[in-house]
Protein chains: 2
Amino acid sequence: MEKKNSGTVGVKEIARLANVSIGTVDRVLNNRVGVSEKTKAKILKIIKELDYQPNIFARRLASKKKLRFATLIPKVSEETTYWEAPLHGIRQAANEIKDFGVEVISFFFDQNDKSTFKDSATKIIAGQFDGVLMAPMFEDESAVFIKTCNENKIPLVFINSDMPGYNNLCYIGPNLYQSGYLSAHIVNYLSPADKKTLIVNISKEIDLHHHLLRKEEGFRNYFEENGAINQISKIDIQQTSYAHIQQKLSEQLSKSSYDVVFVTNSRVSTVAKYFEEHQIKGVKLIGYDFLEDNILHLKNKTIDFLICQKPQEQGYRGVMSLYDHLVLNTPIEKEQFMPIDIITRENYQYYSN
Amino acid sequence: MEKKNSGTVGVKEIARLANVSIGTVDRVLNNRVGVSEKTKAKILKIIKELDYQPNIFARRLASKKKLRFATLIPKVSEETTYWEAPLHGIRQAANEIKDFGVEVISFFFDQNDKSTFKDSATKIIAGQFDGVLMAPMFEDESAVFIKTCNENKIPLVFINSDMPGYNNLCYIGPNLYQSGYLSAHIVNYLSPADKKTLIVNISKEIDLHHHLLRKEEGFRNYFEENGAINQISKIDIQQTSYAHIQQKLSEQLSKSSYDVVFVTNSRVSTVAKYFEEHQIKGVKLIGYDFLEDNILHLKNKTIDFLICQKPQEQGYRGVMSLYDHLVLNTPIEKEQFMPIDIITRENYQYYSN
DNA sequence: AAACATTTCGTTAACGTACACGATATATGA
DNA sequence: TCATATATCGTGTACGTTAACGAAATGTTT
């Protein structure tokens, strides 16, 4: 009858209904100490009944609480600019939530130097952060770091590559197997019907190599499952210098000629460079990632397709997941697979990372 | 000396520096009447010097001002469920900004009945809204509506299809020409090298037909510009019933056989249905939009590729643009082209509209 | 110059929450 | 029993902005 709450219910209304002061209501809301179990239950009941939603504006205005997130990803190197995009996404998210009292600090490591990973990890532990986003590239080192975070009850999100079996808040990144599978499908559409395909893995660190194998697996399985006739060769290149890649490719291509070359990561631009310098034409080239170098060769028509998985959004959603979890208390999806985008020279200009 | 402002500057600090009260500062901030030009200039100068950013939380807490947006898009019909997605995006945005005091009300019209468009438009004008999002499908009727909005200084955003030459806040949607061009590129990759292609336009209203022609133009121009040999036929179907489409397709396919069929809109599922019922195999089929029916045929392997342009995001970004403009005062990009996404049976499960 | 209208400006109470502080009530110890 | 510690709770102020209200200054009309 006398329900005259003018649209919004607040602590005041709750306090009135529970015959307590707003201070007490505030205590149970922020589950602080100093309130008896009995009244706590009573207030909780009313809160649930009213479906009370705290006013985030009033909360932010009155609160001086601050959260601090750390991010740990590879630094952008001369070898690849891939990690610019996730960093950009991280910064974008950081900018959006800085008014809500959270500060994001970025740490980096060298993909070719595990010790730099450990150094940054140590700094993060010492820094007493409230949440961490990381790219778990080195298995052993990451495992140690994850364990420490778990002990300190620091929520962790993984981006770009997963580490199944560990206790993390969520994973945001590609489904590697499926992206290889898709690549195979595209290859399958390319003429001629009976193709000779070369898979090229270029990666120095053995830990990273691991991910490439998942893509290769998806790639091969497509042809098996679809009974398509196809001859697949493969070459592993464990030195990332152009000279070395050049030599390896020359060796391989002297043995046989191919209709399609599938490079399992963003290093595809190096292969494209080789093709151009050696005047190799008519070979379809497929690779990964929306990088400036790659796009250049896409325009050149040396590269035919690029697969991309929204690296920027990975960074963005990664810190947003921490925010949603820690501030908004919303449930987080454990595995967030990125779309598998196909980039050609007709649609790259509209692509958003 | 007594500068004790802890980090943030607010109206209080501005008022102190300008030797006025916070009330006066508030007046110039919200450019209300009742303040002399002289003091207004003085305050404005200080605001600029301090690079004052109002606290959005305090603002929202104290303000009871409300904004109202109207959206005007086709209703979802039995013919096509395409417009579910934009509506979903609109609702998502509405939900995100409702705490910021903006209410979004959706109006609809029937794509096959211009009078319903006029009815809804009239209601919107009568409703005194602060911003409008619309899909300007009917040229003449839209022009009238746009004119009225302009006179009332109501910002307008267009989604899904543009009306160049009119005064709108922004356009959010596909670049139709380019998406046709991309489709042609995909077709060009499909074996055999010398293909016979059929373009299928299915649309009742002549106004809508217009958009399909842009895609067709892009499609044709690809082959011209790239000097690829290709025989392109075309068929216009102006009745959307299955019986009629079936008849038209049968006529066309009896005259000649084709390697590739390109349907210029989401009606591609109807053609797929025809293919299945008539046991037509080996014809590559390309069409538009991530609709349940289409995906079904994609899985069936009847449809080979779908082009999609993030309809949900169009709705989302549409109302967000109004919000950014009206509330945050941020500059808005006039033309926001959506990415041109390629959907296959390998990546559809990860697609986000 | 009185009376009134208008412009310009200051004061103050909200908005809903956080949190320090102080006030009770209850439990514990001697 | 009294005193002291502890658990429980209420009060008040602050956060930065909005907007209603009214005061003061200025302008206008007789």
Side-chain angles (χ1 to χ4, degrees), chain A residues 4-44 46-47 50-67 98-102 327-329, chain B residues 3-44 46-47 50-67 98-102 326-329:
Chain A
K4 53 175 56 164
N5 64 341
S6 59
T8 56
V9 287
V11 280
K12 217 181 319 187
E13 174 73 358
I14 297 172
R16 199 181 58 79
L17 291 174
N19 281 324
V20 294
S21 74
I22 63 166
T24 306
V25 175
D26 180 65
R27 269 179 277 265
V28 345
L29 277 174
N30 302 36
N31 54 293
R32 271 174 290 198
V33 295
V35 43
S36 72
E37 284 302 324
K38 212 178 73 178
T39 59
K40 181 172 181 176
K42 181 170 60 176
I43 292 173
L44 243 28
I46 294 175
I47 287 176
L50 264 51
D51 188 32
Y52 163 75
Q53 298 291 113
N55 183 312
I56 57 170
F57 302 101
R59 165 165 292 177
R60 249 331 281 168
L61 187 60
S63 172
K64 44 213 54 172
K65 198 181 295 172
K66 294 221 176 290
L67 281 183
K98 73 167 189 296
D99 285 339
F100 293 77
V102 3
V327 181
L328 270 33
N329 251 335
Chain B
K3 282 194 134 189
K4 52 178 54 166
N5 66 339
S6 59
T8 56
V9 288
V11 281
K12 216 180 321 186
E13 174 73 359
I14 297 171
R16 198 181 58 79
L17 291 173
N19 280 326
V20 294
S21 75
I22 63 167
T24 306
V25 175
D26 180 65
R27 269 180 277 265
V28 344
L29 277 174
N30 302 38
N31 55 292
R32 271 174 292 195
V33 295
V35 41
S36 70
E37 283 303 323
K38 212 178 75 179
T39 60
K40 181 171 181 176
K42 182 169 59 175
I43 292 173
L44 243 27
I46 294 175
I47 287 176
L50 263 50
D51 187 33
Y52 163 75
Q53 297 291 112
N55 183 313
I56 58 170
F57 303 101
R59 165 164 292 177
R60 249 334 280 168
L61 187 60
S63 172
K64 43 215 51 170
K65 198 182 295 172
K66 294 220 176 289
L67 282 182
K98 73 168 189 294
D99 285 339
F100 292 77
V102 4
L326 254 22
V327 181
L328 270 34
N329 252 334

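Numbers restart at 1 for each chain; the letters A, B, ... are given by sequence-line order, proteins then strands.
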Exercise for review: Residues of residues 20-33 of chain A with any non-hydrogen atom less than 4.0 angstrom from an atom of DNA chain C: list those, numerically ordered, please.
Suggested key: A/D26, A/N30, A/R32
Study note, to complete from the structure: Residues A/F57 and B/D99: closest non-hydrogen pair is CE1-O, 3.2 Å
Point to revise | Residues touching DNA chain C, which here means a heavy atom under 4.0 Å, drawn from residues 57-67 of chain B | key: B/L61, B/A62
Point to revise | 5′-ward residue of the pair B/E37/A/I56 relative to DNA chain C | key: B/E37
Point to revise | Phosphate OP1/OP2 of D/dC9: any A/T39 side-chain N/O under 4.0 Å | key: yes
Practice item. Quick one: list whatever passes side chain to side chain contact (heavy atoms under 4.5 Å, CB included) with B/V28, sequence neighbours left out. Key: B/V35, B/K40, B/I43, B/L44, B/I47
Practice item. Using a cut-off of strictly less than 4.0 Å, decide whether B/S36 has a side-chain nitrogen or oxygen near OP1 or OP2 of C/dC9. Key: yes
Review point. Just how far is it from atom CG of B/N31 to atom CG of B/D26, taken to the nearest 0.5 Å?
Key: 10.5 Å
Point to revise | Pairwise distance OG(B/S36) to NZ(B/K42) - rounded to 0.5 angstrom | key: 8.0 Å
Exercise for review: Estimate the overall bend of the helix from C/dA1-D/dT30 to C/dA30-D/dT1 from the end axes over five pairs each, rounded to 10 degrees.
Suggested key: 50°
Practice item. Identify, with sequence neighbours excluded, every residue that meets side chain to side chain contact (heavy atoms under 4.5 Å, CB included) alongside B/A62. Key: none
Exercise for review: Report the residues that fulfil side chain to side chain donor-acceptor pair (under 3.5 Å) with B/K98, sequence neighbours left out, ordered by chain and then residue number.
Suggested key: B/N95
Review point. With a non-hydrogen cut-off below 4.0 angstrom, is B/G10 in contact with a base, only sugar-phosphate, or nothing?
Key: sugar-phosphate
Practice item. Step by step, work out the side chain to side chain contact (heavy atoms under 4.5 Å, CB included) result for B/Y52 and B/I14. Key: CA-CA 9 Å; B/Y52 163 75; B/I14 297 171; 3.6 Å; yes
